[in-house]
Protein chains: 2
Amino acid sequence: MEIDRTIVQSFPLFSRLCEKDLDSLLSCAVLRRVAQGDTVFKQGESAQSFFLLLNGRVKIMPVSMDGHQFIMRLVNPGEVFGFVKAILRSEYPATAQTATEVLLLGWTIDAWTNFVERHAHLNLNAMQIAGQRLGEAQLRIREMSTQFVKRRLANVVLRLAQQAGRNEGDGILIDFPISRKDIAEMTGTTLHNVSRILSSWEARGVVTNGREKLIVRDMIRLSALANGSLT
Amino acid sequence: MEIDRTIVQSFPLFSRLCEKDLDSLLSCAVLRRVAQGDTVFKQGESAQSFFLLLNGRVKIMPVSMDGHQFIMRLVNPGEVFGFVKAILRSEYPATAQTATEVLLLGWTIDAWTNFVERHAHLNLNAMQIAGQRLGEAQLRIREMSTQFVKRRLANVVLRLAQQAGRNEGDGILIDFPISRKDIAEMTGTTLHNVSRILSSWEARGVVTNGREKLIVRDMIRLSALANGSLT
DNA sequence: CGCTGTATTGACAACGTTCAACGGTTGTGG
DNA sequence: CCACAACCGTTGAACGTTGTCAATACAGCG
């Protein structure tokens, strides 16, 4: 199967690679299709590969011993996942489950380290990925420590609209099926609360709700809700 | 001033360096003493240096626009801080304030990158630092999303005891002055709540409280509180 | 047409924060 | 050495937020 190289080249991890190098990197990648709801890897497996998401969405979900589910990260097209853990040759700390049918490229960590030896500047790219994840994680910790559920939810929906939104003229549709439970697990609350709050926002014209569907109608007011200047 | 090289060598970032290399690295480090309550760097400054804490404790505190204070990380002796951001040549995302008088070593990022060019394996060490921070951050997110304040507090105190505890025979003393406000800002709650919960634990013989002081008397029961098998 | 998974809503209880008052300790300056 | 201020900690009460329980509705699917 043929991959569009210009697309892959535009992804942060591979920036500043020449065509030849990109070819050799792509030649040792494995293309994989995964159906909706299946898992790419499972928590606890040894991290021998990492993945680049070409298409669709993937949920990164640690499972805790006390049964509480939640979603650590939502992977959008063009992002890598399983990357940091693979470099460190440890175990995946979470399960990667698809939210849609997805298309992805996989590399073994051996192939990658091999390649990096000849392209040392990729170390910096890798560090940038790790740094970005760390920044996102710390931002989220701050939100969880200091903000009420309403505001956290506004931030989650805002990010969804920015990263997974498709402009439909009269609003921004979240571009994959997402349930209240999913949103609750991204926000750190219950689906009941999410339902209540989204309903109240719908009454005020900020969003439109549907079954596994969410449309943002008023980004301005949503932003205001997210930064606390509106309740 | 003379630094004990065997101590520095035992720190993760510098593992697998020979004596000679260690000397050359130490020769371009700056030793610095900072008084209790002063700041090592401030949020928003461009990250031109990173630091290795030799002695004392440092609090990493992002400040949000809405005034909410909190403590993102507590740095223990032997740990580096400001490291990831310095490598990425961005701005410090938080303020580093000392909880005690501290002694630390500082390197400019230029000296570091220079040194890394001749010791490529340090890239992996750096990645390990970043990976560890990321893991800690994600663990904390999970705690904040799914656990009640009591249990989160138990986890915070447990970590304090493990990382900053000194065994006193009849209990484990947290080895630096820490206020209820500090603990609250590490847990994501108010000092009132911390006071209440710690008082109830004191009544049950789990801890002993004092002014800017905390002694863990019963690690077993504290662990049970932390993993939810006890309320 | 019943089954399953998703969503909405109300009532209620539990939890946590805010407000307020008070007591104790430390440090300072007269 | 004492008075005083500043800071830290504790505790109670009221309030608001959030989670839990329960009932219902609705859509997709065999």
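Here is the naming used below: chain letters follow the sequence lines, and residue numbers restart at 1 for every chain. Values in this document were obtained by computation on a predicted structure and should not be read as measured data.
- When each of B:Phe148 and A:His192 is assigned the nucleotide of DNA chain C bearing its nearest heavy atom, the one mapping closer to the 5' terminus is A:His192.
- For the ring pair (Phe, Tyr, Trp, His ring centres under 6.0 Å) with A:Phe83, the qualifying choice from A:Phe41, A:Trp112, A:Phe51, A:Phe11 is A:Trp112, the only one to do so.
- Here the C1' atom of nucleotide D:dT11 and the CG atom of B:Asn209 are 14 Å apart, to the nearest Å.
- Remark: P of D:dT11 and CG of B:Leu198 are 11 Å apart, rounded to the nearest angstrom.
- Pairing each heavy atom of B:Met127 with each of A:Ala130, the nearest pair is CE-CB, 3.9 Å.
- Rounded to an integer number of Å, the gap from CD1 of A:Ile197 to C1' of D:dT17 is 10 Å.
- Between the CD atom of A:Gln36 and the C1' atom of D:dG28 there is a distance of 14 Å, rounded to whole Å.
- Backbone-only contact: A:Arg180 has heavy atoms under 4.0 Å from sugar-phosphate atoms and none from a base.
- Remark: P of D:dC26 and NZ of A:Lys213 are 17 Å apart, rounded to the nearest angstrom.
- Between the side chain of A:Arg196 and the base of D:dT20, a donor-acceptor pair under 3.5 Å is found.
- Between B:Glu79 and B:Arg73, at least one side-chain N (NZ, or NE/NH1/NH2) sits under 4.0 Å from a carboxylate O, which counts as a salt bridge.
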Go through B:Leu74 and B:Leu160 one step at a time and tell me if the side chain to side chain contact (heavy atoms under 4.5 Å, CB included) criterion holds. CA-CA 9 Å; B:Leu74 186 68; B:Leu160 279 172; 3.6 Å; yes
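- As rounded to whole Å, 13 Å separates atom C1' of D:dT10 from atom CG of B:Asn193.
- Contact annotation: A:Thr189 reaches the phosphate of D:dG19 (side-chain N/O to OP1 or OP2, under 4.0 Å).
- Taking a cutoff of 4.0 Å between a charged side-chain nitrogen and a carboxylate oxygen, B:Glu202 and B:Arg204 do not qualify as a salt bridge.
- Taking the charged nitrogens against the carboxylate oxygens, A:Lys181 and A:Glu185 do have a contact shorter than 4.0 Å, which makes a salt bridge.
- Aromatic ring orientation, B:Trp107 versus B:Phe50: parallel (interplanar angle below 30°, classes split at 30° and 60°).
- Shown here for B:Gln147 and B:Asn155, the closest heavy-atom pair between the two residues is OE1-ND2, 3.1 Å.
- Annotation: proximity of residues 61-75 of chain A to DNA chain C (heavy atom, distance under 4.0 Å) is found for no residue.
- Here the side chains of B:Trp201 and B:Leu222 are in contact, with some heavy-atom distance below 4.5 Å.
- For the pair A:Lys150 NZ and D:dG16 P, the computed distance is 12 Å after rounding to whole Å.
- Rounding to whole angstrom units, CG of residue B:Leu191 and C1' of D:dT10 are separated by 10 Å.
- Boundaries of the chain B contact region on DNA chain C are C:dG16 to C:dT26, first to last in 5' to 3' order (nucleotide atom under 4.0 Å from a heavy atom).
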